[in-house]
Amino acid sequence: MRKSRGLSRRQFLYRSASGALAATSATLAGTAGWLVSPTQAIAAEAAPRRGGTLVASWGGLEPQALFVAGGGGSSPFMTSTKILERLLKIDEKLAFQPVLATDVRASSDFRTYTVTLRQNVLWHDGKPFTADDVVYNVQEHWKPISAGVALKALKHVSATDAHTVKLEFSTPVPEFFFKSILAGQYQVVVPKHLYAGKDIITNPLNNTPIGTGPWKYGQWVRGSHVAYTRNEQYWNAAQPYPDKLIIRWWSDPASRSAALETGELGVAFSNPVPGRDIDRLVKTGKIVVDTKGYENAAWTVTVEFNQRREHVRRREVRQAILHAIDRKFIIDTIYFGRGKPAVSPIFRSNPLFFTDDVPKYPFDPAKANALLDAAGLPRKNGSRFSINLVAAAWFEENAKLGQYLKQALQDIGITVKLDSLDRATSLKRIYSDYDYDIAVSNFTAPLELVPVVTQFYTTDGIVKGAAFRNATGYSNPAMDALVDRLTVETDNTKRQKLAHDFARLAATDVPLVPLVEMESFTLSRTNVRRATTSANVQGDALADVWLAS
């Protein structure tokens, strides 16, 4: 594959290494004021110690199920990926690494891929893992549910022997794109012998998963934690290192801070405490902060405009509203300076596809008012029109952002009814009922745009009830055509140009708008080693982590 051009922060080189696409990068630029402790630097060189119990958490709440086919948000993503594995992973150096697949090869026309699977792998119930499991997942799990449009060109998948799978496509499939699917956030492998003939979405086994991963399901205590035990038959005999893993949930950030200080909590991912608490925790000498591990999972907070609703379905109204939003104020006040203004759905942290050449909406209330006047929406008794703003308050910051947006919109004459809602109600209101005018939500963006990022903007991303997809109802044939071309283009330079075109159109039509590129971080006790060895740490299996005495 060709070298990508114009990458100012990092350079990616693509090559085939043992059949798996490898990506190497230059050292990431450090975040000012956030240093990785010497303890963590030494950890990579020290011999891992066996034993102990690791308690982990994150900046969110308990999942609706331990495994949710097709996604379901970050909570089930975290709980399921300790048990259920993917074929590949992207490590902290942004290189594809083998997991259940040891070799992935493309044909010369990029229409056929041959995947060689790891041998001598057992499911947690003792049954062997084979190519039939992967064929089942491709046909019944990935294509219809979790990968969706990413596999729409798939013509046929077959097991050529017990450990080899062949996938044939009707169109070319870019190699980085395909391997990103195999390493994708939701393309875990479930056992065919326990799921075949049953509804994968409603299978009760989703609450007591059986996988091939380093950890086995132990117990789920609702409202508190889920406990895992070491898989003694794991294909990597040396791993995992602790005896037990516990993922525990705390209802508020203050409780997580206290648990880190006391040692009740060992490691917490994805901004587990407010930014204002970081310096205080690090100064205790018991806790370290790490910003690695989010390269393939860049967090953002979004505003989403329901295209089914009067007023906000008009592009000029959406653009006017964006001029009323002070992103610097949001970052400084709500995120304590830990972030950057987002300019499009492709973030600065993406060295493959980011471009700054997109329409922008600087804070300018006078311009917002003028645009609304020009749109034929004058103030009448102080109000132009009314909207319902739903803030998905699974993060404390989302609730605060909802309060800020209410005031900012009222300043330009838009009357706001604000609903700050819990996780379950937010998911239903936004993604099932479409019961909102403007919503505050979140998503994490991987390096590969298709389908995770693009499905917020494509017509085939509209799947009623599917969380974190196109809930706005936005449908534009030009956007659909752009993403279709992005999906099949195998030339890296041309693909980068198509990605830039996608970013410009998304930033013009603005049905869903990332406001802040959130600066993600992990906090851990000083005795927790190698907790950030993937480019998406919340979904890492935690097979590498170990506890110093």
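Positions are given from 1 along the sequence. These numbers come from a predicted model, not from an experiment.
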Item to check | Side chains of Phe177 and Arg495 in contact at under 4.5 Å (non-hydrogen atoms) | outcome: yes
Checklist entry - Looking only at heavy atoms, which two atoms of Ser57 and Met78 are closest? And how far apart? => result O-CE, 3.4 Å
Checklist entry - Quick check: are there more than 12 heavy atoms from other residues, nucleotides or ligands sitting under 6.0 Å from NZ of Lys464? => result yes
Checklist outcome for this item: Nearest heavy-atom approach of Ser441 to Trp394 is OG-CZ2, 3.5 Å
Item to check | Considering all heavy atoms, the nearest Ala320-Ala368 contact | outcome: O-CB, 3.2 Å
Checklist entry - Is the backbone N or O of Ala393 less than 3.5 Å from a side-chain atom of Asn398, with the two atoms forming a donor-acceptor pair by type? => result no
Checklist outcome for this item: Heavy-atom closest pair (Ile201 atom, Asn206 atom, distance to 0.1 Å) is O-ND2, 3.2 Å
Checklist entry - What's the spacing between His141 NE2 and Leu151 CG if we round to 0.5 Å? => result 11.0 Å
Checklist outcome for this item: The ring pair (Phe, Tyr, Trp, His ring centres under 6.0 Å) partners of Tyr361 (sequence neighbours excluded) come to His323
Checklist entry - Roughly how far, to the nearest 0.5 Å, is the CH2 atom of Trp142 from the CD atom of Gln187? => result 6.5 Å
Item to check | Nearest-0.5 Å distance, CD1 of residue Ile181 to CZ of residue Phe178 | outcome: 6.5 Å
Next on the checklist: Is it the case that the side chain of Arg327 and the backbone of Pro341 share a donor-acceptor pair, with hydrogens and angles ignored and the cut-off at 3.5 Å?
Outcome noted: no
Checklist entry - Backbone N or O of Gly293 within a donor-acceptor pair of the Glu295 side chain at under 3.5 Å? => result yes
Checklist entry - Could you walk me through whether Val312 and Tyr436 pass the side-chain contact (heavy atoms from CB on, under 4.5 Å) check? => result CA-CA 11 Å; Val312 296; Tyr436 69 95; over 6 Å; no
Checklist entry - Any donor and acceptor pair, going by atom type alone, linking the side chain of Asn296 with main-chain N or O of Leu447 inside 3.5 Å? => result yes
Checklist entry - Are side-chain heavy atoms of Phe521 and Asn271 found at a separation under 4.5 Å? => result yes
Checklist entry - Is there any ring pair (Phe, Tyr, Trp, His ring centres under 6.0 Å) pair reaching into residues 472-516, and which pairs are they, with sequence neighbours excluded? => result Tyr457-Phe502
Next on the checklist: Given 3.5 Å as the limit, does a donor-acceptor pair link the side chain of Arg318 with the main chain of Arg313, or not?
Outcome noted: yes
Checklist entry - So do the side chains of Leu281 and Ser257 get within less than 4.5 Å of each other, counting heavy atoms only? => result yes
Checklist entry - So, for Tyr431 and Glu304, which heavy atoms are closest and what is the spacing to 0.1 Å? => result OH-OE2, 3.8 Å
Checklist entry - Got more than 12 heavy atoms from elsewhere within 6.0 Å of NZ, Lys360? => result yes
Checklist entry - Do other residues, nucleotides or ligands put more than 12 heavy atoms under 6.0 Å from the NZ atom of Lys367? => result no
Checklist entry - Is there a side-chain contact between Tyr434 and Ile462, using heavy atoms and a 4.5 Å cut-off? => result yes
Checklist entry - Quick one: CG on Asn536 to CD1 on Ile90, what's the gap to the nearest 0.5 Å? => result 8.5 Å
Checklist entry - Please walk me through it: do Ser383 and Thr415 pass side-chain hydrogen bond (donor to acceptor under 3.5 Å, both in side chains)? => result CA-CA 6 Å; Ser383 177; Thr415 301; 2.7 Å; yes
Item to check | Close aromatic pair by centroid cut-off 6.0 Å: Trp299 and Tyr335 | outcome: no
Item to check | Under 3.5 Å: donor-acceptor pair, side chain of Arg504, backbone of Pro359 | outcome: no
Checklist entry - Is a salt bridge present between Asp491 and Lys497, judged by a nitrogen-to-oxygen distance below 4.0 Å? => result no
Next on the checklist: Any non-hydrogen side-chain atom of Asn388 less than 4.5 Å from a side-chain atom of Arg429?
Outcome noted: yes
Next on the checklist: A side-chain contact here means heavy atoms from C-beta on lying under 4.5 Å apart; do Lys89 and Thr533 qualify?
Outcome noted: yes
Item to check | Test ring pair (Phe, Tyr, Trp, His ring centres under 6.0 Å) applied to Trp58 and Phe77, step by step | outcome: CA-CA 11 Å; Trp58 77 290; Phe77 175 54; 9.7 Å; no
Item to check | NZ-CG distance between Lys82 and Leu542, expressed to the nearest 0.5 angstrom | outcome: 5.0 Å
Next on the checklist: Applying side-chain hydrogen bond (donor to acceptor under 3.5 Å, both in side chains) to Thr472 and Gln307, what does each step give before you reach the verdict?
Outcome noted: CA-CA 6 Å; Thr472 67; Gln307 308 294 292; 4.9 Å; no
Checklist entry - Less than 4.5 Å apart, any side-chain heavy atom of Leu205 and any of Val190? => result no
Checklist entry - Are any non-hydrogen side-chain atoms of Tyr404 and Ile325 less than 4.5 angstrom apart? => result yes
Checklist entry - Which heavy-atom pair separates Glu62 from Arg423 by the least distance, and what is that distance? => result O-CD, 4.1 Å
Checklist outcome for this item: So salt bridge (charged side-chain N to carboxylate O under 4.0 Å, His left out) across residues 408-417, not counting sequence neighbours, yields Lys417-Asp419
Checklist entry - Which is it for Thr487 and Thr171 under the side-chain contact (heavy atoms from CB on, under 4.5 Å) test, yes or no, and what are the steps along the way? => result CA-CA 9 Å; Thr487 303; Thr171 60; over 6 Å; no
Checklist entry - Can we call the ring centroids of Phe96 and Phe176 under 6.0 Å apart? => result yes
Checklist entry - Is it true that Arg308 and Asp435 have a side-chain N and a carboxylate O under 4.0 angstrom from each other? => result no
Item to check | Glu519 and Ile331: CA distance, side-chain angles, deciding distance, side-chain contact (heavy atoms from CB on, under 4.5 Å) verdict | outcome: CA-CA 10 Å; Glu519 199 163 53; Ile331 293 167; over 6 Å; no
Item to check | Donor-acceptor contact present, side-chain Asp91 to main-chain Ser534, <3.5 Å | outcome: no
Next on the checklist: What I want to check is whether the side chains of Asp460 and Thr458 have a donor and an acceptor closer together than 3.5 Å.
Outcome noted: yes
